[in-house]
Amino acid sequence: MNIFARIAAALDGLLNDMVQAGELPAGLNRAAVTVEPPRDPAHGDMATNAAMVLAKPAGTNPRALAELIATRLRALPDVEAVEIAGPGFINLRLVRTCWEAELAAVHEAGENYGRSTMGEGVNVNIEYVSANPTGPMHMGHCRGAVVGDALASLLQFAGHQVTREYYINDAGGQVDVLARSVHLRYREALGEEVGEVPEGLYPGAYLVPVGHQLATHYGSRFVDAPENEWLALFRETAVAQMMDMIRADLALLGIHHDVFSSEAALQAAGKPEEAEQWLREHDLVYDGVLEAPKGETPEDWEPVELPLFRSTKFGDDQDRPIKKSNGSWTYFGADMAYHFQKAQTADQLIDIWGADHAGTVKRIQAAVAALTEGKVRFDVKLVQMVRLLRDGEPVKMSKRAGNFVTLADVVNEVGKDVVRFTMLTRKADAQMDFDFAKVVEASKDNPVFYVQYAHARIASLGRRVQETFPDGLPAVDSTLFGPEELDLVKQLATFPRVVEAAANAREPHRIAFYLYDLAASFHGWWNLGNDQPERRVIVAGDPALTAARLHLSAGIGQVIRNGLALMGVKALEEMN
RNA sequence: GGCCCCGUAGCUCAGCCGGAUAGAGCAUUCGCCUUCUAAGCGAAUGGUCGCAGGUUCGAAUCCUGCCGGGGUCGCCA
């Protein structure tokens, strides 16, 4: 239990005592009562809003109630001072041994410091990436991949059972296009002059080897054969190889999914039919005709009767077709069944989507709400687009000739850790720029560098201290800490809170911001030693002080490593 | 036209399930250092939190309506 939760629990117990003593009515809802660090550290170590929240339902005023609570808080052994301020805040200051103990707890827990049981083992399925298996990963997929993966790690660390899943869209028209593109490369491999790849087919050279392989394997038997004889075979072969490429690309980023689900397999197993039947029985699917979209009507608009899901019952603007007029499933129809399937084994679902699919969020949430009867928490996290820049100039990309920036290109240029960290330096639903020059810049305004630099400085201490104190150091005496050192410990102590809050909000970027703040505090502390050698971590001639400061530094390093681990970034031992 | 996201300092962005004088980096200005604890350090200036209402003891945060930017819009994935 972290230090804030511990004080919150003590407060809760003390409120119970007040009920017993008749100072508070029984049965008050305490859900809104918080214990958190105040915005201004001058107010103390922690603040609670208990008096303000409970005063009205208790029929008293905040200041009077605060007095009663404060009296009991003062009796707690961890509490050094209590003050009432503003409209009824209760500010408390903890005894310093609390913080000394917290630093010890960082060392004791090590890589587990910050781990939480908040998730209570709840089973969360998080689906991310799910790029179409028609080519290598490009930068458009990158952000969602990193955000999804970091969120998965974060939820795990916060006590959830996490499944990382990838949905392979191997059943739609695009994979047929892929198969036809491969057929062209297959003919090419057999010596045919194919010239320029026709419009509408995938031009990328990455399909050449697939064509070669098919040519080697099957010879010329499919060259002039009708499409129905080779389409499925070519499609499956191509998809399998594209997925190998995608897995390799993801591996470059350190991403490994637990489950790969195939849309084709889902359909072959009759899952969409099952979902449809269940929905029809509950009058949530009916056969109907949609109105033409408002605004401009498409020229080729023809009213058709289709099986429609009543998503309007769940807040969508329009009911949505689950099958096309040719009888095959729409993407939504299959996706609905897919989510239904995921909900069989998971307590909560999360999808990470590109913002270009924002328009379809309501219908899938409606479908999940319908099929699970509202029992499964389901979040769709939208990840906004990333603009690629080189020295401030937008990187030109044309889809033609496969001239797009691939994920592999970027990772090879700036490195996995830089890509991952940078993708987490904005909240997911805000657009961001990725400038090749800036992300590798060695300066204070590059958070990647700044955090890594802090860790490298700490790591350097371990190497250097042996030169200064070859005979070793005495045991740690944390009573030697001054206010600056204690402030750093207090900042470390908020890490478990940040983890829980970030997991709860499904916002992994908060870890990155926390680490940046922590690094900034560390650098500030470190810089005190610039003009005052006695303020350095390693103080020649003072082994006791050195031991204490080294202990704190190592604690900071530990928390930085733990945060970076959640982001999937390796901490550097030295800068190069 | 509908829907979704965003709108906070000159710029790029944080702001934790509403909380006490709204934060950081860059830029600007002013000092310091020119170092071997490495690619600077310290400080100051700077904001009607897009606008207008509403809910609340209390709103950048929640609700409604506008304005501006981006995205998306029948059976594509």
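Chain letters run A, B, ... following the sequence lines, proteins first, then strands; residues in each count from 1.
A pairwise comparison of heavy atoms in A:L28 and A:P57 identifies CD2-CB, 3.8 Å as the closest pair. Closest approach of A:A512 to A:L424, counting heavy atoms only: CB-O, 3.3 Å. Residues A:G354 and A:L382 approach most closely at O-CD2, 3.9 Å, considering heavy atoms. Closest non-hydrogen pair, A:N49 versus A:T34, comes out as OD1-N, 2.9 Å.
Comparing the P positions of B:C66 and B:C75 gives a spacing of 27 Å, expressed to the nearest Å. The same atom, C1', is picked in B:A20 and in B:G25; the two are 26 Å apart, to the nearest Å. Atom name C1', nucleotides B:U28 and B:G70: the rounded distance is 31 Å, in whole Å.
Note on A:P38: a base of the nucleic acid sits closer than 4.0 angstrom, heavy atoms only. Contact annotation for A:V361: no contact, since no heavy-atom pair falls under 4.0 Å across all strands. Among the heavy atoms of the strands lying under 4.0 Å from A:M575 is at least one base atom, whether or not backbone atoms are also near. Using a 4.0 Å heavy-atom cutoff across all strands shown, A:A502 reaches no nucleic acid atom at all. Residue A:K362 is classed as a sugar-phosphate contact, given heavy-atom separations below 4.0 Å to backbone atoms only. Using a 4.0 Å heavy-atom criterion, one finds that A:G88 contacts no nucleic acid atom at all. A:H509 comes within contact range of the sugar-phosphate backbone alone, with a heavy-atom separation under 4.0 Å but no base atom that close. Within the 4.0 angstrom heavy-atom criterion, base atoms lie near A:D40. Residue-level contact check: A:V498 touches neither bases nor backbone, having no heavy atom under 4.0 Å from any strand. No contact: A:R320 has no heavy atom under 4.0 Å from any strand. At the heavy-atom level, A:Y453 lies under 4.0 Å from base atoms of the strands shown.
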For side chain to side chain donor-acceptor pair (under 3.5 Å), just list the numbers for A:D319 and A:Y286, CA-CA rounded to whole Å, side-chain angles, deciding distance to a tenth of an Å, and then say yes or no.
CA-CA 10 Å; A:D319 291 337; A:Y286 65 103; 2.5 Å; yes

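Ion pairing of A:E507 with A:K427 is absent here, as no side-chain N (NZ or NE/NH1/NH2) approaches a carboxylate O to less than 4.0 Å. The pair A:R280-A:E276 counts as a salt bridge, with a side-chain nitrogen and a carboxylate oxygen less than 4.0 angstrom apart. With salt bridges taken as basic N to acidic carboxylate O contacts below 4.0 Å, none links A:R390 and A:D435.
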Enumerate the protein-to-nucleotides 6-12 of chain B contacts in which both atoms are nitrogen or oxygen and the separation is below 3.5 Å.
from: B:U12; atom 1: O2'; to: A:R426; atom 2: NH2; distance (Å): 2.7

Review item, nucleotides 27-29 of chain B N/O atoms under 3.5 Å of protein N/O:
none

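For A:H339, the ring pair (Phe, Tyr, Trp, His ring centres under 6.0 Å) test picks out A:F378, with sequence neighbours left out. Residues passing the side-chain hydrogen bond (donor to acceptor under 3.5 Å, both in side chains) test with A:D170 are A:S262, sequence neighbours excluded. Residues satisfying the side-chain hydrogen bond (donor to acceptor under 3.5 Å, both in side chains) criterion with A:D379, sequence neighbours excluded, are A:R377, A:R506. Listed by chain and number, the residues in a ring pair (Phe, Tyr, Trp, His ring centres under 6.0 Å) with A:F469 amount to none (sequence neighbours excluded). Under the side-chain hydrogen bond (donor to acceptor under 3.5 Å, both in side chains) criterion, A:Q341 pairs with no residue at all, not counting sequence neighbours. The ring pair (Phe, Tyr, Trp, His ring centres under 6.0 Å) search around A:Y166 returns A:H257, A:F260, not counting sequence neighbours. Every residue two or more places apart in sequence or in another chain was checked for a ring pair (Phe, Tyr, Trp, His ring centres under 6.0 Å) with A:F157, and none qualifies.
As a whole-Å value, the separation of A:E36 CD from B:A20 C1' is 12 Å. Summarising the geometry, the separation between CD1 on A:I322 and P on B:A77 is reported as 15 Å, rounded to the nearest angstrom. For the pair A:R363 CZ and B:U72 C1', the computed distance is 10 Å after rounding to whole Å. Computed from coordinates, the A:N527 CG to B:U35 C1' distance equals 12 Å when rounded to whole Å. Rounded to an integer number of Å, the gap from CG of A:N530 to C1' of B:A39 is 14 Å. With rounding to whole Å, A:L528 atom CG is found 18 Å from B:G40 atom P. Across the protein-nucleic acid pair, A:F4 atom CZ and B:C16 atom P stand 16 Å apart, rounded to whole Å. Residue A:K323 contributes atom NZ, which lies 18 Å from atom C1' of B:G74 at whole-angstrom precision.
For A:R457, a side-chain nitrogen or oxygen approaches OP1 or OP2 of B:A39 to under 4.0 Å. At B:C4, none of the side-chain N or O atoms of A:K381 fall inside 4.0 Å of OP1 or OP2 (strictly under the cut-off).
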Could you spell out the base pairing of RNA chain B as a dot-bracket line? Use Watson-Crick and G-U wobble contacts where both distances are under 3.5 Å, [ ] for crossing pairs, | for partners on a different strand.
(((((((..((((.....[...)))).(((((.......))))).....(((((..]....))))))))))))....

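Nucleotides of RNA chain B nearest to A:L382 and A:G173 differ in position, and the one nearer the 5' end is that of A:L382. Toward the 5′ end of RNA chain B lies the nearest nucleotide of A:D317, the other residue of the pair A:F449 and A:D317 mapping further downstream.
Nearest nucleotide to the side chain of A:H43, out of B:C75, B:C16, B:A20: B:A20. Of all nucleotides listed (B:C76, B:C16, B:G19), B:G19 comes nearest to the side chain of A:F89.
Taking the six-membered ring for Trp and thresholds of 30 and 60 degrees, A:H523 and A:Y453 have ring planes inclined between 30 and 60 degrees apart.
The shortest distance between side-chain heavy atoms of A:K381 and A:W353 does not fall below 4.5 Å.
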Going 5' to 3' along nucleotides 57-71 of chain B, which nucleotides have protein heavy atoms under 4.0 Å from the base (write B), which only from the sugar-phosphate (write S), and which from neither (write -)?
S--B---------SS

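Using a 4.0 Å cut-off on heavy atoms, the residues of residues 513-524 of chain A that approach RNA chain B are A:F513, A:Y516, listed by number.
With no hydrogens or angles considered, a side-chain donor-acceptor pair links A:E127 and A:S130 at under 3.5 Å. Of the N and O atoms on the side chains of A:E165 and A:S261, at least one donor lies less than 3.5 Å from an acceptor on the other residue.
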